[in-house]
Amino acid sequence: IKPYYAKEDADYSQTATSGSTFQKQDVKRDFWQLGVIADWKAKYNDFNFGIGYWHETSRYLPNAAAVVSYQITTTGLNKLGYQFYNEIIGNWAINNPYVKIAYQKGSFKAQAGLKYMAYTYPGQNRYLPISATNNNPKPTPEADMITARKTNAQWLPSAGIGYQFTKNFESYLNYGRGYMRPYSTVENTYIAARSAFLAQGMSLQSILDNWVMESSDNVDLGLIFNSK
């Protein structure tokens, strides 16, 4: 059993442009991660077994990314306020139970496994700036940009066989399903084309409701030859 904890508290500044104006942006990242990996292994005759569970919970404080903007002028910096503000409701979470089995007898070997990967995203209230010249967040979140807690999950099977014909020659065939977490940049895309989405009766929540975790099926067939 391996517990772990990580925390990042970072402050940095960067420059950016907004239309014809130049800005200085102060960015704050403050988040923590807490998790545990439990793994149990056993052997019986020619079989090896494994079962495990990975859980992680994390949270940004106080919001996803606090960005305070200042307009750069000839007389100094003019504070504009928050460029973007997210109120996060709850934590991110990863839940990943898995089981695996392997067998080897003489020159033949085989293995199989199954994972369940689930990512949970917290609900979020999103606040846009008051105006183009005042980046302080509006007093209420945008109704079409409020999103609920959501979990994306996939079953991830794997299997493989191999045979060693001689000391220097063997073959194998492996199959596995991979995954990729949904892109978070859809939020920026929605904001950039917000009027077009609203005209089609779409909200950010309706887009996220149709998201699925991207997966791929991979097959690997190979021959290994060693020579000296």
Side-chain angles (χ1 to χ4, degrees), residues 1-10 29-61 64 88-124 147-186 208-226:
I1 298 176
K2 299 178 181 179
Y4 63 90
Y5 172 78
K7 188 178 190 303
E8 178 179 343
D9 187 358
R29 288 170 52 86
D30 186 358
F31 73 93
W32 54 261
Q33 297 168 290
L34 178 65
V36 61
I37 300 172
D39 190 57
W40 175 81
K41 294 182 175 68
K43 180 178 176 62
Y44 179 74
N45 291 335
D46 298 318
F47 291 89
N48 288 283
F49 305 90
I51 186 170
Y53 199 100
W54 172 34
H55 172 77
E56 179 183 288
T57 183
S58 59
R59 183 170 178 83
Y60 281 88
L61 301 171
I88 299 173
I89 306 168
N91 297 343
W92 278 264
I94 298 173
N95 286 286
N96 173 212
Y98 55 90
V99 61
K100 51 191 175 182
I101 183 173
Y103 171 81
Q104 184 166 359
K105 185 74 170 179
S107 298
F108 176 78
K109 55 185 176 182
Q111 59 84 23
L114 182 63
K115 293 183 179 182
Y116 180 74
M117 178 62 73
Y119 286 98
T120 299
Y121 303 83
Q124 295 189 49
T147 53
R149 185 176 177 88
K150 178 178 174 60
T151 297
N152 291 102
Q154 277 278 356
W155 289 99
L156 305 171
S158 64
I161 57 173
Y163 193 84
Q164 185 171 10
F165 295 95
T166 68
K167 183 175 68 173
N168 296 320
F169 180 65
E170 61 182 295
S171 65
Y172 64 88
L173 173 64
N174 295 324
Y175 162 79
R177 175 170 291 175
Y179 71 95
M180 180 179 289
R181 295 170 64 175
Y183 298 103
S184 60
T185 51
V186 69
L208 296 181
D209 286 341
N210 291 312
W211 266 13
V212 295
M213 188 181 292
E214 181 180 342
S215 63
S216 61
D217 293 301
N218 307 287
V219 177
D220 183 17
L221 173 62
L223 300 174
I224 300 175
F225 178 72
N226 298 313

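Heavy atoms only: backbone and side chains are in, while hydrogens, waters and symmetry mates are out.
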From [X] atom [atom1] to [Y] atom [atom2], the distance as rounded to the nearest 0.5 Å:
X	Y	atom1	atom2	answer
N152	Y119	CG	OH	10.5 Å
N95	W54	CG	CH2	10.0 Å
Q33	Y5	CD	OH	10.0 Å
I1	I37	CD1	CD1	11.5 Å
M117	Y179	CE	OH	3.5 Å
K7	D30	NZ	CG	4.0 Å

Donor-acceptor list for residues 100-113 side chains, cut-off 3.5 Å, not counting sequence neighbours:
residue: K105; atom: NZ; partner: D46; partner atom: OD2; Å: 3.3
residue: S107; atom: OG; partner: Q164; partner atom: O; Å: 3.2

Only counting residues at least two apart or in another chain, list the ones meeting ring pair (Phe, Tyr, Trp, His ring centres under 6.0 Å) with [X].
X	value
Y53	none
F49	none
W155	Y116

T57 side-chain N/O to W92 backbone N/O, donor-acceptor pair under 3.5 Å:
yes
Keeping the roles fixed (side chain from R59, backbone from G90), state whether a donor-acceptor pair exists under 3.5 Å.
yes
More than 12 non-hydrogen atoms from neighbouring residues, nucleotides or ligands closer than 6.0 Å to OH on Y44, yes or no?
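Not buried by this count: 12 neighbours or fewer within 6.0 Å.
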Tell me, yes or no, whether the heavy-atom count around K43 atom NZ, taken from other residues, nucleotides or ligands under 6.0 Å, exceeds 12.
yes
So which atom in [X] and which in [Y] form the shortest heavy-atom distance, rounded to 0.1 Å?
X	Y	answer
N91	S58	CB-O, 3.3 Å
R29	E8	NE-OE2, 3.3 Å
K150	L208	CE-O, 2.9 Å
G178	N218	N-ND2, 3.8 Å
K115	N96	CB-ND2, 3.9 Å
N174	I161	OD1-N, 4.1 Å

Across all chains, not counting sequence neighbours, the side chain to side chain donor-acceptor pair (under 3.5 Å) partners of R177 are D217
How would you list, by chain and number, every residue that makes a side-chain contact (heavy atoms from CB on, under 4.5 Å) with T151, sequence neighbours excluded?
A118, T120
Measuring only between side-chain heavy atoms, which start at C-beta, is P122 closer than 4.5 Å to I89?
no
